[in-house]
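Just so we're on the same page: letters track the sequence lines, and every chain starts at 1. Keep in mind that the numbers below use all heavy atoms, side chains included, and drop hydrogens, waters and symmetry copies.
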Amino acid sequence: MAEFMSLSAAVEQHLRDGQSVAMEGFTHLIPYAAGHEVIRQGKRELTIIRMTPDILYDQLIGMGLVRKMVFSWGGNPGVGSLHRMRDAVENGFPQRLDLEEHSHAAMANAYEAGAANLPFAVFRGYKGVDLPKVNPNIRSVTCPYTGEVLATVPAIRPDVAIIHALRADRQGNVLLEGIVGVQKEAVLAARSSIVTVEEIVDDFGPRSANAVILPRWTIGAIVHVPGGAYPSYAHGYYKRANAFYIGWDAIARERETFAAWMKANVLEASADSFAGLAFGAGQSA
Amino acid sequence: MAEFMSLSAAVEQHLRDGQSVAMEGFTHLIPYAAGHEVIRQGKRELTIIRMTPDILYDQLIGMGLVRKMVFSWGGNPGVGSLHRMRDAVENGFPQRLDLEEHSHAAMANAYEAGAANLPFAVFRGYKGVDLPKVNPNIRSVTCPYTGEVLATVPAIRPDVAIIHALRADRQGNVLLEGIVGVQKEAVLAARSSIVTVEEIVDDFGPRSANAVILPRWTIGAIVHVPGGAYPSYAHGYYKRANAFYIGWDAIARERETFAAWMKANVLEASADSFAGLAFGAGQSA
Amino acid sequence: MSYSPTEIMTIVASRFLRTSDICFVGIGAPSAACNLARLTHAPGITLIYESGTLGTRPDVLPLSIGDGELCDTALTTVSVPEMFRYWLQGGRITLGFLGGAQIDCFGNLNTTVVGDYANPKVRLPGGGGAPEIASSCGEVFIIMAMNPRAFMAKLPFITSMGHGAGKGSREALGLSTKGPTRLITDLCLFEPDPETSELIVTAIHPGVTREMIQAQCGWPVHYAAQVGLTPAPTDNELAVLRDLQARTKQAHAA
Amino acid sequence: MSYSPTEIMTIVASRFLRTSDICFVGIGAPSAACNLARLTHAPGITLIYESGTLGTRPDVLPLSIGDGELCDTALTTVSVPEMFRYWLQGGRITLGFLGGAQIDCFGNLNTTVVGDYANPKVRLPGGGGAPEIASSCGEVFIIMAMNPRAFMAKLPFITSMGHGAGKGSREALGLSTKGPTRLITDLCLFEPDPETSELIVTAIHPGVTREMIQAQCGWPVHYAAQVGLTPAPTDNELAVLRDLQARTKQAHAA
């Protein structure tokens, strides 16, 4: 049942060292503020799960919080590599990073199966490619009607899901809109969840009868963090800081510039100060 | 690609004798007008598919159009039996009716698998019950990760899906809202489709970013039939004619009263005359 | 105030509902009981109808599972595949309701056929959501008026599973949900015997005798060591229920 | 007007797009080519981005696959699981686009690793949607600038399948989709040889020689019996493309 609390309390109470955590967001609504709090609290030995790990996961990896990553595409979209991820995979710095790699189709199906409380998902994929040779979790079942062999993937059931949403009402129901990605599935698949929101409203008011809403009884903690998706975006609140994404390439390329940036902007900063950049266009990175 | 046409042309061009057809609608948006046109055209040997066959399917069966029904709950909701269906199953009148029976969970999953172009669906169901003993299409697969045995159902892939929707735009995109049931899945799972709509608009205008819309390139025929869901309802257009559903019980109980009603209200009537009752409250049945 | 057998059945069911429950509601008595609870002691109760409406608060009772009223008053409405995958199978529902044409002493239900499946004497509507409601909800309440043709020693067909052949049947199938924890009838309340999982009478409604119960039951009825007396419906319970039914009747006549 | 290698590559790709196509669009050159086609000869083209946006009409090119612009201009936006289940796997997409770090002569692509998978020399981003785009779309266009380290005789890792080991490989895996039907580069156009499915040059861009092509290709390039000359970009094509890119650059600097 959704409980309103501070960001630090939410991360303290819901995420423990060694757990698996999915901080989802498909370009839109990436939970940067919550992820930065995880870094400030210095959680260790995490398994991080995400279809499209981007800068936030680069930061978690570069700060040495991560033992394993489950993913399907790891890059800085439209810009290039995640240098901290590459440093971990190619050089074991700051520590070895285990990868469990899937395709997007597999990950999307695996979240869906998790939300549906199934142990695995079936899909038509991985035809003629090499990933099944290096990922033993890619298996198959035979259709009991047609004999067709289809690919399978284990359901994703994270210990904790962390997402950023547009609005919560005072009862703790949460509304998403726009590019909704796999966030609803991630929350429903997880054992507990933290949701940061742009705004808390008395009531959602007039809306589509089919609005994407997570009822309060599906959520662990709700935290009010305006700007909590910055430098990603929150539809109707602020735009994606594309310049930040472009600028990140130079920051993350070297270990020293990365460490300095993290110290100044995350470790020694408050959640509000970084998130606040969402509303002061252009002065970031 | 969606083509606007008359109801009679749509049914003539898209549905042939001996085919399988899903006229879906979960209380809301049941495509009565289109179903009545199927009756007027006297299609034969149909396989009719629906989770909740109600009065419309009672009529198709009672008029002798149906060879087989695939379903999960066949009744007049809140009222009682479907007398024409029972007469066919219990007495073979007007002809023998084969049944393929599933649970709602199985049917919902089977439509979803059809829309997803999979040959079957996996779900956790049918524990400790007798239906698998009488339906050979209820089978199982073993999870390749946990060893759990799960139920399977073949995907539903109807030759034709027929649904009623709220609005189409002039390009042929179709919008559903409210209780959307399995209609989107039925259309995506089918080889072709007929969509009747309450209204044709220039543009859908302001709407939820996540509105339930079927793009024009997923649809066969679109027909403008205001009231086309009557005595079911169209959200925001007219309410469910509960009195009609209650009154149907007496009409359908006897073969003669049923035949007379069908003659007067369907065979010798136009689609518009019956659908028009949606807008003249209370004078029906 | 005097009351009907259906009224006390509905009111007794409503009393067991908690404001924290997430209920998968069927049409008829379950719907009446859930909304009565919502309008009296359990204002926060979450009602879900299989048509896809999450957290609905109807002003009148729906005639069917997908009336517009349910959608208009819902937190949101999802597709039917999502309802059965994420919400029911997802294990989100704490309490499901079932009824049926026939029941046995372990709470197994038949809503499929009377007689042989291939050549039935009476073809009933079928299972609908029941098989998976019975297995996926945290617990199940069954509401049925008693009569000896409905309360049967042996069912011709098992549409949804209660406690199977008795204690341990559910666990043997890998189920961790509780199954039927209460059978609420017009005469009395049954609950599973902790030793055998047979449904035994734990409370009797006012004015009802053990003979009256047995006369309406096709199996030999067993009783708990301590059998309670159901408190009569209060004036408030009856008033709220009748008001709800009157609003409903008026709405459905339209 | 003069033009860059990237410009002619984008323009050539755009020319092959039909107004009836349903395209699964990737970021970068595919996105530019699709939107150029939409703004010139294929106004009815349907663009789908894997973030869930169906029928989107962006005014500026997205930097990432899920920019708000895509959602604002879409017919509707679905969840990512639905995108991969109903729309891609559902067989709704007529044309998919792929690019990659490395390609072989059968249009197989590597975007996973250079070197050994467990101990890679270069860790690339991974497959993302590519493995299933390659198998589920009706046909696939690949857009890549040529260089000999990218156009390889043998790939270290196959991320997405083109024509496998050649003619018949796709059919042997049960695939009925066409796979790569065009490889559009900055120097020339490749299409599969009908006999072998090897990608062979069918048209050469203005000012490019066969020697220049071979110099940028790690496999021995083969040519169709009749090799065409790519018509140079028209002034209108260049103007529309540059206008789009200028708007995009301005928007992304924000």
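Chosen from C:R170, C:R85, C:M83, the residue pairing most often with chain B at heavy-atom distances under 4.5 Å is C:R85. Residue with the most contacts toward chain C among B:G25, B:G75, B:P77: B:P77 (heavy-atom pairs, distance under 4.5 Å). Among the candidates C:S135, C:P131, C:G129, the residue making the largest number of heavy-atom pairs closer than 4.5 Å to chain B is C:G129. Between chain B and the options C:D67, C:L175, C:T53, heavy-atom pairs under 4.5 Å are most frequent for C:D67. Counting heavy-atom pairs under 4.5 Å between each of B:E112, B:K239, B:E185 and chain C puts B:E185 at the top. Contact count versus chain C (heavy atoms, under 4.5 Å) is highest, among B:K184, B:M51, B:R86, B:M85, for B:R86. Most heavy-atom pairs under 4.5 Å with chain B, from the set C:P62, C:A134, C:G68: that is C:G68. Heavy-atom pairs under 4.5 Å with chain C peak, among B:S232, B:A110, B:A115, B:G74, at B:G74. Contact count against chain C (heavy-atom pairs under 4.5 Å) is highest for B:F71 among B:Y111, B:F71, B:Y245. Interface remark: of the candidates C:A74, C:P125, C:A118, C:G126, C:P125 forms the most heavy-atom pairs closer than 4.5 Å to chain B.
Aromatic pair C:Y117/C:F157: ring centres closer than 6.0 Å. The six-membered or imidazole ring of B:Y238 lies near that of B:F279, with a centre-to-centre distance under 6.0 Å. Two rings, from B:H28 and B:Y233, have their centers less than 6.0 Å apart.
A donor and an acceptor atom, one from each side chain of C:S136 and B:R124, are nowhere located under 3.5 Å apart. For the residue pair B:W248 / B:D54, no side-chain donor-acceptor distance below 3.5 Å is found, with atom types taken as modelled. Using modelled atom types, one finds no donor on one side chain facing an acceptor on the other under 3.5 Å when comparing C:N35 with C:R57. Residues B:H235 and C:D72 bring a donor and an acceptor atom of their side chains to less than 3.5 Å of each other. For the residue pair B:S72 and B:H104, a side-chain donor N or O sits within less than 3.5 Å of a side-chain acceptor on the partner. The closest side-chain donor-acceptor pair between B:Q183 and B:H164, if any, does not fall under 3.5 angstrom. Side-chain contact, B:D249 with B:H83: a donor N or O sits under 3.5 Å from an acceptor N or O.
At a 4.5 Å heavy-atom cutoff, the contact between B:I246 and chain C is made by side-chain atoms alone. Proximity to chain C (any heavy atom under 4.5 Å) is shown, for B:K127, by both the backbone and the side chain. For chain C, no part of B:M107 is nearby; none of its heavy atoms comes within less than 4.5 Å. At a 4.5 Å heavy-atom cutoff, C:V113 makes no contact with chain B through either its backbone or its side chain. Of the two parts of C:E82, neither the backbone nor the side chain holds a non-hydrogen atom closer than 4.5 Å to a non-hydrogen atom of chain B.
Separating the SG atom in C:C23 from the CG atom in C:L95 is a distance of 4.5 Å, to the nearest 0.5 Å. Distance OG/C:S160 to CD1/C:I142: 7.0 Å, rounded to 0.5 Å.
Residues from residues 146-154 of chain B never place a non-hydrogen atom less than 4.5 Å from a non-hydrogen atom of chain C.
For C:R242, the CZ atom counts as densely surrounded, since its 6.0 Å shell holds more than 12 non-hydrogen atoms of other residues, nucleotides or ligands.
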